**Student:** 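One structure follows; several queries about it will come next.
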Amino acid sequence: MELSSLSPLPLCYPKPSSSSTVSFLPFSDRTRAYFGYSVSKRATLRNSCNSAQKNFLHISRAHDHEPRCYFSPNEGLNRYCISKLYNLNKLSRYVVAKSELAGAGTPDASYSLSEVKLSLKVRGVCFYAVTAMAAISLIGFMIVAHPFVLLFDRYRRKAQHFVAKLWAAATVAPFFKIEYEGLENLPSHDAPAVYVSNHQSFLDIYTLLTLGRSFKFISKTAIFLFPIIGWAMSMMGTIPLKRMDSRSQLECLKRCMDLIGNGASVFFFPEGTRSKDGKLGDFKKGAFSVAAKTRVPIVPITLIGTGGIMPAGMEGVVNSGSVKVIIHKPIKENDPEILRQIARNTILDTLKLRC
């Protein structure tokens, strides 16, 4: 978070007779020295994470004519005040948001930050309510079908993935539209392949499930502990992975090769985690080693828009927007390093061109 439009002012000064400071914290005492910022030198905060949306924050003027951050000769600078000053990103409760359209940023043109996010939080609550209801409604079909899936389709598990597709489509339909490009590049349902994609958001999983392909995701072992979702992942054949555990990583790669050898496909997010800033990270070599050793093609997929709707680290809000899924032509190469470079460059060039 950056401070702009602010000239240095003395840290402490006697309490003025009238309100001429900007409040930081809910403290007030008429016997102590106060400090703050002059109203004429209003502090403006800009959140770099939200700069793309052009939302700006400024600290509101006190309405009770009481500056609230104090200095006491006996107590020194209030500890809570120090904590807040060093953690400005946690001041949302005492900060108001101002739209650029509001003009000069007068109190009448300002509105509460909680009001700004309220509609997005409501959409987030509705999103999770819909996904929970859809999961509860469909999990029964997966449980009933699972014995037959294990008998007749142990590796691909098409029936379970079909139910997962219905769940994902029912969840995202009320909130955003998905556009597909390059569907003709998808291998046939029975052709094993290694799929890779950029990773921007929690919504990537929902988006990819709507493709209707029976590829096996790789997921942290902790996710399997969640009721219903964890059960569904197990029945779909999702591959568990313990991060930072080399033995688990080797077992994961062996499991992937075993699945491909039996006609199933696997899916990797080669960045390893969601991008915090929307930029494409480095690709790890695991997916490409699997593809090279099993001699199956790599299918690069570019996801556009999921990070804007539900940014990484902000899973409680759902912005409006649309998502585009671009499926690129399969790449077949025996050298995993060449595969890695081609796949990353393909996705990177698409992101630069379309974003």
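Numbering of residues begins at 1 and proceeds along the displayed sequence. Note that the structure is a prediction, hence the values are computed from the model and not measured.
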**Student:** Which atoms form the tightest heavy-atom contact between Phe268 and Pro270, and what is the distance?
**Tutor:**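 Shortest heavy-atom separation between Phe268 and Pro270 comes out as O-CD, 3.2 Å.
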**Student:** Given the rule in the salt bridge (charged side-chain N to carboxylate O under 4.0 Å, His left out) test, do Lys324 and Glu181 qualify, once you have shown the distances and angles that lead to the verdict?
**Tutor:** CA-CA 8 Å; Lys324 192 157 192 176; Glu181 182 179 318; 3.3 Å; yes
**Student:** Can you tell me how far apart NZ (Lys276) and CZ (Arg274) are? Round to the nearest 0.5 Å.
**Tutor:**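 Reported value, rounded in 0.5 Å steps: 5.5 Å.
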**Student:** Is it the case that the side chain of Ser201 and the backbone of Met310 share a donor-acceptor pair, with hydrogens and angles ignored and the cut-off at 3.5 Å?
**Tutor:**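 Yes, Ser201 side chain to Met310 backbone: donor-acceptor pair under 3.5 Å.
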**Student:** CD1 of Ile218 to SG of Cys256: how many Å apart, nearest 0.5 Å?
**Tutor:**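 If I round to the nearest 0.5 Å, the distance is 4.0 Å.
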**Student:** Salt bridge (charged side-chain N to carboxylate O under 4.0 Å, His left out) for Arg247 and Glu251? Distances and angles first, verdict last.
**Tutor:** CA-CA 6 Å; Arg247 183 176 179 180; Glu251 290 176 355; 3.6 Å; yes
**Student:** Can you tell me which residue among Val163, Ile229, Ile228 is in a side chain to side chain contact (heavy atoms under 4.5 Å, CB included) with Ile139?
**Tutor:**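 Result for side chain to side chain contact (heavy atoms under 4.5 Å, CB included) with Ile139: Ile228.
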**Student:** Any chance you could measure Leu209, atom CG, to Phe162, atom CZ, to the nearest 0.5 Å?
**Tutor:**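 Reported value, rounded in 0.5 Å steps: 13.0 Å.
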**Student:** What's the shortest heavy-atom distance between Ala193 and Ser265, and which atoms?
**Tutor:**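 Minimum heavy-atom contact is N-OG, 3.0 Å.
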**Student:** Membership question, hydrophobic clusters at under 4.5 Å side-chain separation (ILVMFWY): are Leu186 and Val196 in the same one?
**Tutor:**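 They do not share one cluster, since no chain of ILVMFWY contacts under 4.5 Å joins Val196 to Leu186.
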**Student:** Please determine whether residues Ile178 and Phe267 belong to a single hydrophobic cluster, defined as Ile, Leu, Val, Met, Phe, Trp and Tyr linked transitively by side-chain heavy-atom distances below 4.5 Å.
**Tutor:**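 Result: yes, single cluster for both.
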**Student:** Under a 4.5 Å side-chain heavy-atom rule over Ile, Leu, Val, Met, Phe, Trp and Tyr, are Met235 and Leu208 clustered together?
**Tutor:**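 Yes: a chain of side-chain contacts under 4.5 Å links Met235 to Leu208.
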**Student:** Search all heavy atoms of Pro300 against all heavy atoms of Lys329 and return the closest pair with its distance.
**Tutor:**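 Looking at all heavy atoms of both residues, the closest pair is CD-O, 3.7 Å.
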**Student:** Begin from the C-alpha positions of Glu333 and Arg295 and carry the test salt bridge (charged side-chain N to carboxylate O under 4.0 Å, His left out) through to its verdict.
**Tutor:** CA-CA 8 Å; Glu333 175 63 50; Arg295 300 182 180 278; over 6 Å; no
**Student:** Can you tell me which residue among Val323, Ile326, Asn198, Val325 is in a side chain to side chain contact (heavy atoms under 4.5 Å, CB included) with Ile304?
**Tutor:**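 That would be Ile326.
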**Student:** As an exercise, state the distance from OG1 of Thr273 to NZ of Lys220, rounded to the nearest 0.5 Å.
**Tutor:**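 Here the rounded value is 7.5 Å.
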**Student:** Please walk me through it: do Arg354 and Thr302 pass side-chain contact (heavy atoms from CB on, under 4.5 Å)?
**Tutor:** CA-CA 10 Å; Arg354 302 297 182 92; Thr302 304; over 6 Å; no
**Student:** Looking only at non-hydrogen atoms, find the nearest pair between Pro192 and Val296 and report the distance.
**Tutor:**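 That closest heavy-atom pairing would be O-CB, 3.9 Å.
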**Student:** Do you know which two heavy atoms are closest between Ile309 and Gly321, and how far apart they sit?
**Tutor:**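 Ile309 and Gly321 have their closest heavy atoms at CD1-C, 3.9 Å.
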**Student:** Is it true that atom CZ of Arg154 has more than 12 heavy atoms of other residues, nucleotides or ligands lying nearer than 6.0 Å?
**Tutor:**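 12 or below, so no.
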**Student:** What do you reckon, are the aromatic ring centroids of Phe215 and Phe217 less than 6.0 Å apart?
**Tutor:**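 Aromatic pair counts; centres sit under 6.0 Å.
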**Student:** Of all residues at least two apart in sequence or in a different chain, which pass the side chain to side chain donor-acceptor pair (under 3.5 Å) check with Asp282?
**Tutor:**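 Checked Asp282 against side chain to side chain donor-acceptor pair (under 3.5 Å); zero matches.
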**Student:** Step through it carefully: locate the ring centre of Phe127, locate the ring centre of Tyr206, and say whether they are under 6.0 Å apart.
**Tutor:**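 Centroid distance Phe127-Tyr206: below 6.0 Å, so yes.
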**Student:** So, Ser248 side chain and Asp245 main chain: donor-acceptor pair closer than 3.5 Å or not?
**Tutor:**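 Not a single qualifying donor-acceptor pair exists.
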**Student:** With Ser289, which residues qualify under side-chain contact (heavy atoms from CB on, under 4.5 Å), at least two apart?
**Tutor:**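 Partners of Ser289 by the side-chain contact (heavy atoms from CB on, under 4.5 Å) criterion, ordered by chain and then number, come out as Lys285, Pro336.
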**Student:** Distance from Leu303 atom CG to Thr350 atom OG1, nearest 0.5 Å?
**Tutor:**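 Output value for this atom pair is 11.0 Å.
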**Student:** Spell out, as yes or no, whether a donor-acceptor pair under 3.5 Å connects the side chain of Asn185 to the backbone of Ile327.
**Tutor:**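 Side chain of Asn185 to backbone of Ile327, a donor-acceptor pair under 3.5 Å: yes, one is there.
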**Student:** Going through the distances and angles, do His199 and Ser275 end up as a side chain to side chain donor-acceptor pair (under 3.5 Å)?
**Tutor:** CA-CA 6 Å; His199 198 12; Ser275 172; over 6 Å; no
**Student:** Do the non-hydrogen side-chain atoms of Pro240 and Arg255 ever get within less than 4.5 Å of each other?
**Tutor:**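 The answer is yes; the side chains approach within 4.5 Å.
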**Student:** Start with the C-alpha gap between Ile347 and Phe283, add the side-chain angles, then the distance that decides, and say whether side-chain contact (heavy atoms from CB on, under 4.5 Å) holds.
**Tutor:** CA-CA 11 Å; Ile347 295 174; Phe283 279 11; 4.0 Å; yes
**Student:** Please collect all side chain to side chain donor-acceptor pair (under 3.5 Å) contacts where either partner lies in residues 221-239, sequence neighbours excluded, each pair once.
**Tutor:**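 As it turns out, there is no side chain to side chain donor-acceptor pair (under 3.5 Å) pair with a partner in residues 221-239 once direct neighbours are skipped.
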**Student:** Testing the basics here: between Ala170 and Pro174, what is the closest heavy-atom pair and its distance to 0.1 Å?
**Tutor:**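 Reported closest heavy-atom pair: O-CD, 3.4 Å.
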**Student:** State whether the side chain of Lys216 and the backbone N or O of Arg156 hold a donor-acceptor pair below 3.5 Å, judged by distance alone.
**Tutor:**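 Between the backbone of Arg156 and the side chain of Lys216 there is a qualifying donor-acceptor contact (under 3.5 Å).
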**Student:** In plain terms, say whether Glu271 and Lys279 are close enough for a salt bridge, that is, a side-chain N and a carboxylate O under 4.0 Å apart.
**Tutor:**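 So Glu271 does not pair with Lys279 through a salt bridge.
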**Student:** Please examine the side chains of Phe288 and Ile298, heavy atoms only from C-beta on, and report whether any two atoms are closer than 4.5 Å.
**Tutor:**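 Touching, per the 4.5 Å side-chain cut-off.
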**Student:** Between Lys158 and Asp190, is a salt bridge (charged side-chain N to carboxylate O under 4.0 Å, His left out) present by the stated rule, with each step listed?
**Tutor:** CA-CA 10 Å; Lys158 294 180 181 178; Asp190 296 328; 2.7 Å; yes
**Student:** With side chains defined as the heavy atoms from C-beta onward, is the minimum distance between Cys126 and Phe175 less than 4.5 Å?
**Tutor:**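 Side chain of Cys126 against side chain of Phe175, heavy atoms only: contact under 4.5 Å found.
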**Student:** Just do the side-chain contact (heavy atoms from CB on, under 4.5 Å) check on Tyr155 and Asp258 with the steps written out, would you?
**Tutor:** CA-CA 9 Å; Tyr155 296 101; Asp258 181 59; 4.2 Å; yes
**Student:** With hydrophobic residues grouped by side-chain heavy-atom distances under 4.5 Å, do Val266 and Leu211 end up in a single group?
**Tutor:**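 In one cluster with Val266: Leu211, no.
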**Student:** Between OG of Ser197 and CG of Asp204, what distance do you get to the nearest 0.5 Å?
**Tutor:**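 Going from OG on Ser197 over to CG on Asp204, the span is 6.0 Å.
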**Student:** Consider only side-chain heavy atoms of I, L, V, M, F, W and Y, link residues closer than 4.5 Å, and tell whether Leu203 and Leu351 are in one cluster.
**Tutor:**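 Cluster IDs for Leu203 and Leu351 differ.
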**Student:** Go through Ile301 and Tyr195 one step at a time and tell me if the side-chain contact (heavy atoms from CB on, under 4.5 Å) criterion holds.
**Tutor:** CA-CA 7 Å; Ile301 298 177; Tyr195 295 78; 4.0 Å; yes
**Student:** Would the distance check show the side chain of Arg123 and the main-chain N or O of Asn319 forming a donor-acceptor pair, the cut-off being under 3.5 Å?
**Tutor:**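 Side chain of Arg123 to backbone of Asn319, a donor-acceptor pair under 3.5 Å: yes, one is there.
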**Student:** Can a donor-acceptor pair be found, under 3.5 Å and without considering hydrogens, that links the side chain of Trp167 to the backbone of Leu138?
**Tutor:**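 No, Trp167 side chain to Leu138 backbone: no donor-acceptor pair under 3.5 Å.
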**Student:** Could you tell me if His189 and Arg213 have a donor-acceptor pair between their side chains, going purely by distance under 3.5 Å?
**Tutor:**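 Arg213 vs His189: donor-acceptor pair found between side chains.
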**Student:** Please check if the number of heavy atoms outside Phe224 that lie under 6.0 Å from its CZ is greater than 12.
**Tutor:**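 Atom CZ in Phe224 is crowded, with more than 12 foreign heavy atoms closer than 6.0 Å.
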**Student:** Would you mind reporting whether Val299 and His328 have side-chain heavy atoms less than 4.5 Å apart?
**Tutor:**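 No, their side chains stay 4.5 Å or more apart.
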**Student:** Could you tell me if the side chain of Met236 sits less than 4.5 Å from the side chain of Met142, heavy atoms only?
**Tutor:**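 The answer is yes, as the side chains (C-beta and beyond) meet within the 4.5 Å cut-off.
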